Structure formats: structure tokens, C-alpha cells
> 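First the structure, then my questions, so here it is.
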Amino acid sequence: MKSWIMLLAAGTIAAPVASLQEELQEEEETEIRWSYSAELSLLFTSGNSTVRTFGLGGGARREWGGGELSLTAGGLRTESGTTRRVAVGTPDNFTVTSDADPEPTAENYFARGEFERSFSDHVHLTTGAGWERNTFAGYESKLSLVGGIGNMWIDTETTRLKSDYGFTYTVQDDVVDDPDKSSSFGGIRVSTNFRRQLTETANLESTLTLDENLTDAADLRADLANSLAVDINSSLAVKTGLRLAWDNAPALTRAPLEEPGGAPTGETVLVPRHKLDSTLTIALVANF
């Protein structure tokens, strides 16, 4: 009889404990979630011309409670060149050799991290840091820190629209030093992110970022990134992206100086680079 009573008491105590453990486990799984993605883009041509493009990127996102941490990193490198042919011998008897020596024509590497903490359904605190290298745009390294607040305008299962407003601090190491520009400066940043699930398998995302240099009003930068991802299955998708990066005060480069008749002088002068850079990519994305 005593053994039955002990078994009944043990069962009475064990049931709530097991239920509490299950609830805690479910709460932990609900509040703390990790998601990962990886992107790969390739392009190879050969023959009369050679082009090689290799792009690799990845990201991780963690959500818990009212916080969200996102990390992204990647790079893109393009090499191109034309085939050079050389004839060896005499005009009546020769052999032809050909070779291609592609050189880098585009190169960009980046790493970013951002943390967002929600205080209500519409207001959140945001902070982050980013590093980028793009020698063809004129800088060896650019480190940016940002902190501010934001608003969530729309947040549904199919649509999300939010805006962020903050102060930035940037340290930029240019390929060619500009004597009239400081390598570090503070700024004001405004950004808008829009996501829309167009169909069950297609997702559109667009982000616009404006960054104003507080020490030089002419140095306004804009970055527009658009992407359309179409799911192949539950884990793979094809993503087409278009990025437009505009700098009203671009970095400088050295250009050879020529006389009006076209004869080289042997000297160089400092000239600004193009204000707008555009990048179109098609990548295979793995989500897990």
C-alpha cells in the first residue's frame, strides 16, 4: 500500500515538473531563433576574351524577445582581358601563339553587423558597424559606426516597412589621399527597408540609405540595394540583385597629363572618380 502511495505521489510531482520543462523548452525555442543564408555567383567566359567573376556571401540572423542581431559578409571579384596573338617566323612561314592575362576590373569586400531592440510595436533602437573595401571606388578601407532609433511602419506576414535615423562615424583610407578631405568624419544617416512577399515563392526587398557628411555638406552618399529572390525549393533560391552606390564627392585618382596635341607630359593630376557605381548580380542562395 505504501509503495502505491509513493508511486502516486511521485507521479503527481513528476507531471508538473515535466510540463514545466516542456514549457520552458518551447519558450526558449520560440524566443531564440537562428537563421542562416549563403550566396554564390559565378561567371566564366573564354576564347577571344576572358572574364571571370566570383562572388561569395553569407549571413546569420538571431531573434529573441524584442531583439534582433544580423551579421553579413561577402565579396565580389571580376577579372577580364582580351586574348593576345603573336606570330613568330617569316611572312610565309610562321606559327601563332595566343595567351590571355586577365586583370582585376572590379573588387569589393564587406562585413556588417547590426543589432535592433524593439521598445514597442513601432519604435526600436538600432546600432551597428560595417567595413568595406573597394579599391576601384577609391578606398582601401572604410569603417562606419552607426547608432539611432527607428520606426516600424508596416509589419505583417507579407509586408514589412521600416525606417532608421541615426548618427554615424566613418574612418576612410583612400587609395589616393585627398589633401582637402579628412579621413574621419561624423554624419547623419537615414535608411528605409521594404520587404514584400509577392507570391508564395517570390520575395522582393529594397533598401535605401542616405549618409550626409557633417564636415562637408557636398559629401552626400546614397546606396540603393534591390533584390528579387525566387524559391526553387524550401532551401534553395535564385536571387537577382541590383545595387546603385552614389557619392557626390567621390575619391580621387591620378590621371596622366597630356598636351593639347596629345603628347604625354610625364606628369599626373588628381581628378575625381565617377559618382555612380552599379552592380548587377545573379546568385544561388541557400537558406538553412
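Along the sequence shown, residues carry numbers from 1. Note that the structure is a prediction, hence the values are computed from the model and not measured.
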> Which class fits the ring pair Phe288 and Tyr36: parallel under 30°, tilted 30 to 60°, perpendicular over 60°?
parallel
> Check the surroundings of atom CZ in Arg196: do more than 12 heavy atoms from other residues, nucleotides or ligands lie under 6.0 Å from it?
yes
> Do Val51 and Leu280 land in one hydrophobic cluster if side-chain heavy atoms of ILVMFWY residues count as linked below 4.5 Å?
no
> Do any N or O atoms from the side chain of Lys162 and from the backbone of His124 form a donor-acceptor pair under 3.5 angstrom?
no
> Short question: side chain of Ser70, backbone of Arg62 - any donor-acceptor pair under 3.5 Å?
no
> Search all heavy atoms of Pro104 against all heavy atoms of Arg77 and return the closest pair with its distance.
CG-NH2, 3.1 Å
> For Asn213 and Gly186, which heavy atoms make the closest approach, and how far apart are they?
OD1-O, 3.6 Å
> Would you say that Asn287 contacts Ser235 through its side chain, given a criterion of any heavy-atom pair below 4.5 Å between the two side chains?
no
> Under 4.5 Å between any side-chain heavy atoms of Lys239 and Thr281, yes or no?
no
> Does Val269 offer a backbone N or O that forms a donor-acceptor pair with the side chain of Arg254 under 3.5 Å?
no
> Are Leu210 and Ile188 packed together at the side-chain level, in the sense that at least one heavy-atom pair is separated by less than 4.5 angstrom?
no
> Check whether any side-chain N or O of Asp164 sits under 3.5 Å from a backbone N or O of Ser191 as a donor-acceptor pair, and report yes or no.
no
> Side chain of Asp231, backbone of Asn233: donor and acceptor closer than 3.5 Å?
no
> Count the heavy atoms of every other residue, nucleotide or ligand shown that sit under 6.0 Å from CZ of Phe119, and state whether that count exceeds 12.
yes
> Checking side-chain polar atoms at under 3.5 Å, does Thr126 have a donor or acceptor matched by the opposite partner on Glu114?
yes
> Does a salt bridge link Glu132 with Arg221, judged by any charged N lying under 4.0 Å from a carboxylate O?
no
> Measuring from Leu56:CG to Leu42:CG, what's the distance to the nearest 0.5 Å?
9.0 Å
> Looking at CZ of Phe194 and OG1 of Thr207, how far apart are the two atoms once the value is rounded to the nearest 0.5 Å?
11.0 Å
> Give, for atom OG of Ser206 and atom CG of Leu224, the distance between the pair rounded to the nearest 0.5 Å.
5.0 Å
> Does Asp177 use its side chain to pair, donor to acceptor, with the backbone of Pro179 at less than 3.5 Å?
no
> Within the structure provided, determine whether Leu228 and Leu198 are in side-chain contact (heavy-atom separation under 4.5 Å).
yes
> Could you tell me whether the side chain of Arg160 and the main chain of Met152 form a donor-acceptor pair under 3.5 Å?
no
> Is it the case that over 12 heavy atoms from other parts of the model lie below 6.0 angstrom from the CZ atom of Phe167?
no
> Check whether any side-chain N or O of Thr265 sits under 3.5 Å from a backbone N or O of Leu257 as a donor-acceptor pair, and report yes or no.
yes
